[in-house]
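First comes the structure, then the notes that go with it.
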Protein chains: 4
Amino acid sequence: MAQKSTPAPRRMPRQDRSRAMVDRILDAGQEMLIAHGYDGASTNRIAAAAGISPGSLYQYFPNKDAIAAAVIDRYSDQLSARVAARVSERLDQPAPHYVRESIAALLDALDVHPDFLRAVMEQTPRLGSGSKLLAFEQRIGELTVAYLTINKGVVRPDATFETAAWMLVRMVEHLCVRYILDQPAIDRDTFIDEITVMALNYLRPWPTPPEDCFP
Amino acid sequence: MAQKSTPAPRRMPRQDRSRAMVDRILDAGQEMLIAHGYDGASTNRIAAAAGISPGSLYQYFPNKDAIAAAVIDRYSDQLSARVAARVSERLDQPAPHYVRESIAALLDALDVHPDFLRAVMEQTPRLGSGSKLLAFEQRIGELTVAYLTINKGVVRPDATFETAAWMLVRMVEHLCVRYILDQPAIDRDTFIDEITVMALNYLRPWPTPPEDCFP
Amino acid sequence: MAQKSTPAPRRMPRQDRSRAMVDRILDAGQEMLIAHGYDGASTNRIAAAAGISPGSLYQYFPNKDAIAAAVIDRYSDQLSARVAARVSERLDQPAPHYVRESIAALLDALDVHPDFLRAVMEQTPRLGSGSKLLAFEQRIGELTVAYLTINKGVVRPDATFETAAWMLVRMVEHLCVRYILDQPAIDRDTFIDEITVMALNYLRPWPTPPEDCFP
Amino acid sequence: MAQKSTPAPRRMPRQDRSRAMVDRILDAGQEMLIAHGYDGASTNRIAAAAGISPGSLYQYFPNKDAIAAAVIDRYSDQLSARVAARVSERLDQPAPHYVRESIAALLDALDVHPDFLRAVMEQTPRLGSGSKLLAFEQRIGELTVAYLTINKGVVRPDATFETAAWMLVRMVEHLCVRYILDQPAIDRDTFIDEITVMALNYLRPWPTPPEDCFP
DNA sequence: CATGAATGAGCTTTCATTCAT
DNA sequence: CATGAATGAAAGCTCATTCAT
């Protein structure tokens, strides 16, 4: 009856436009980080790569570091999502397969943008400690604790779950990262096998000492 | 005896003077890296901290990156030496003790300058890839291969030594670094125990099937 | 009576709305000038403080300087009004009392917004020379000329009224401003007494030589 | 006997070179302040006007404000010196002549760079309060107190010297400044006469009220 | 060899102003 | 009229590097 009080919906309402702009900036930031490293990724270059003026950057981010942090945060979210997507599909698989799959998922996720991974790991100073990368580690750690708690039957009884999770998460993460960045002469499947073994054996309850066996 | 034209024999011949100068610069560089991070460690600051003029830096190093690289190289050498010193004392110990000791040695060595470790790991871009840190990893890797070869009896037969060494070295190194930088709520001895377990179990041969034991 | 198409008579016709808007902007401008000085009083800040968009400022003022000028003009008008109000009440008082009161009125008027007075005097460049502050001086000057003309009997005969007025006005104004801004260790009443003396004595005729008195 | 330990004096030893450079910068800063006002006197412009690179400015001054402050300080010193030079020549003159001469000296000193005086007074925000301009006022104030103390015989007995000096100094200074900046239609000599009268009459001990004379 | 003043490109960031919506 | 995103020139300042002394 009365006219619509809200104007006709535009193709791009404010919030979407803003989100698109932020994304363009983050894309540009990521590009520049890859191409020039953190120091070389000047705000002017980022603005140019995003096709906007230098001043416009500052309508979306308070300073350069915030851009870099947001780029890394977005990357963390992508990592997180990619890993979660694949892992959640195999929740029903037996434990060792599940572990192997998780590691494979992480490795593949990291391998989507190896050049950016390198830029982040080797060129970018650790900015505000509240990055989502740490949250990612944290979250994986908690999942690991949960996993260990559920499977406590196959874990050696003297292990502290928190400690074990802390070690496992960082071990797996770092080896996967280094595998991609350093490209050692190790076959991909072999590598995944080995890292799976390292993870599983770490907490494996070993049978009573062999010397009992051969007295 | 002393020649007449030269007033007195210099305590420091050219090469030694030069070496001493380089060391002062490296000390200054290390200080500035710790105090201000890579970006904040300007050549002017380094020169001032070394008590020389900015121009003189370039008599000893071609550019800023070379200074940082040299600082890190020297640190790698110190690490290397500290670890080697302690490890070589226990060459005769039984394998598990030896491994544990090596890990403890590394952890202690990294803990000598935790602030510099943080500066290098979190603030300093990876410079020329020829750093001695990689050489350190390389060397430890070779030692590990040797160790595995010697102890091949207690290693699961399907393992490739090179692969295993690559994984072990990076795992141990990274976990030790993160332990120092992140200070997780894990007791130091416990941590060393756990990392030792992870290393040893990784290659531990799954005992011949239990049914062999109880025929 | 009321037309049908317009839902209800607006309380505020166009011109009044506009005037109200201008006042809000001037309030905001004054605030920002006080809080941040001229350079720190950015148009964005003023717009925000006025609760409008940056673009809307330019509906009412052609540029930033015009805002500052208008703020100062309004202040001049307020000063003017405050002084005039008090002075006009005492037009019947004897001359010295009248002068004293005028000075006191000015001092009080300046002391209503000492922080803004400081911002204007110490932080704000002199903008377009047509400011009302000069008009204020001009007007007071004319009043002074009139006053002198009326009281020419007690003024030394060699004085040019225009010159005397020019000097008196600037002297009184500046000393009052400095008194407020610098807060010297002078009692307020004493200060007013002194400035009154300075003004009155300036034009006081040197009495006919004493020897005329005692013949 | 022994060789001179200090090397042969160069045409321009370090300190002199430095002083010359500082002077060039101050000249350039003064020019730019005059030509473009404080806001328009950018560091780049100053550097260009001084014929040096922008970076070189910062070897002599920590920031833009320091340059402006130094320019004003130097000007204050020049003012101070010019006034002092002329005043000290007439120390033996009778009081009223001495006062008149001092005022004339100040007026002439201010009139040497009227454009810069305008730039300072109308365009430049008050920077660090410790400027030499205030010291100049302070110093003149103290001299005035001394003068009044010496001549206390011809000063009305109820005057506080500190208060009187505060008022006199600011009155004289401001009127002279305004005279130069506003160029009122007042003859220079007349102006000096008037200001002298204002100063002298302010403290003049007036004879017993005239009404005693004509009962 | 040592010096340190000088360089100058380039950095991050601001802000008065405009204009499509 | 109001909006506020976008602009882009320009600001203040830094710093790795050079070179005349």
Side-chain angles (χ1 to χ4, degrees), chain A residues 7-8 10-14 17-18 20-21 39-48 50-67, chain B residues 14 17-18 21 39-48 51-67, chain C residues 14 17-18 21 39-48 51-67, chain D residues 7-8 10-14 17-18 20-21 39-48 50-67:
Chain A
R10 314 244 192 86
R11 189 68 61 88
M12 270 247 180
R14 244 198 321 265
R17 259 186 63 78
S18 176
M21 188 82 254
D39 278 5
S42 74
T43 52
N44 280 348
R45 272 213 255 246
I46 294 174
I52 61 177
S53 72
S56 292
L57 281 190
Y58 291 84
Q59 292 213 320
Y60 299 92
F61 297 96
N63 53 50
K64 178 186 168 175
D65 279 5
I67 300 176
Chain B
R14 245 197 317 271
R17 261 185 59 80
S18 175
M21 191 77 258
D39 277 7
S42 74
T43 52
N44 280 347
R45 273 213 251 246
I46 294 173
I52 61 175
S53 69
S56 291
L57 281 189
Y58 291 82
Q59 213 81 46
Y60 300 93
F61 296 95
N63 55 46
K64 178 183 169 177
D65 281 3
I67 300 176
Chain C
R14 246 197 316 271
R17 262 185 59 79
S18 176
M21 190 78 256
D39 278 7
S42 74
T43 52
N44 280 347
R45 272 213 252 246
I46 294 173
I52 61 175
S53 68
S56 291
L57 281 189
Y58 291 81
Q59 213 81 44
Y60 301 93
F61 296 94
N63 55 47
K64 178 183 169 178
D65 280 3
I67 300 176
Chain D
R10 315 244 192 86
R11 186 72 59 89
M12 271 248 178
R14 244 200 318 269
R17 258 186 63 79
S18 176
M21 189 81 253
D39 278 7
S42 74
T43 52
N44 280 350
R45 270 211 255 247
I46 295 174
I52 61 177
S53 71
S56 292
L57 282 190
Y58 291 85
Q59 292 211 320
Y60 299 92
F61 297 95
N63 53 48
K64 179 186 168 174
D65 279 5
I67 299 175

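Chain identifiers are assigned alphabetically (A, B, ...) following the order of the sequence lines, protein sequences preceding nucleic acid strands; residue numbering begins at 1 within each chain. Please read all numbers here as calculations on a predicted model, not as lab measurements.
- With sequence neighbours excluded, the residues that form a side chain to side chain contact (heavy atoms under 4.5 Å, CB included) with Ser42(A) are Asn44(A), Arg45(A).
- The phosphate of dC15(F) (OP1 or OP2) has no side-chain N or O of Arg45(B) nearer than 4.0 angstrom.
- The CG-P distance, from Asn44(D) to dA9(F), rounds to 15 Å in whole Å.
- At whole-Å resolution of the value, CD1 in Ile52(B) and C1' in dC1(E) are 12 Å apart.
- Atoms CG (Asp39(D)) and C1' (dA16(E)) sit 12 Å apart, rounded to a whole Å.
- Between Arg17(D) and the phosphate of dG4(E), there is no side-chain N or O to OP1/OP2 separation shorter than 4.0 Å.
- Here the C1' atom of nucleotide dA16(E) and the CD1 atom of Ile67(C) are 10 Å apart, to the nearest Å.
- The nearest heavy atom of DNA chain E to Gly40(C) and to Pro54(B) marks one nucleotide each, and the one closer to the 5' end goes with Pro54(B).
- For the segment residues 55-64 of chain D, the set of residues with a heavy atom within less than 4.0 Å of an atom of DNA chain F comprises Gly55(D), Tyr58(D), Asn63(D), Lys64(D), in numerical order.
- As judged by a 4.0 angstrom heavy-atom cut-off over every strand, Thr43(A) is placed among the base-contacting residues.
- Atom CG of Asp65(D) and atom P of dC13(F) are 8 Å apart (whole Å).
- Counting only Watson-Crick or G-U wobble pairs whose defining distances are both under 3.5 Å, the stems of 3 or more consecutive pairs in DNA chain F are E:2-21 with F:2-21.
- Nearest heavy-atom pair across Ser18(C) and Tyr60(C) is OG-CE2, 3.7 Å.
- An OP1 or OP2 oxygen of dG8(F) is reached within less than 4.0 angstrom by no side-chain nitrogen or oxygen of Ser53(A).
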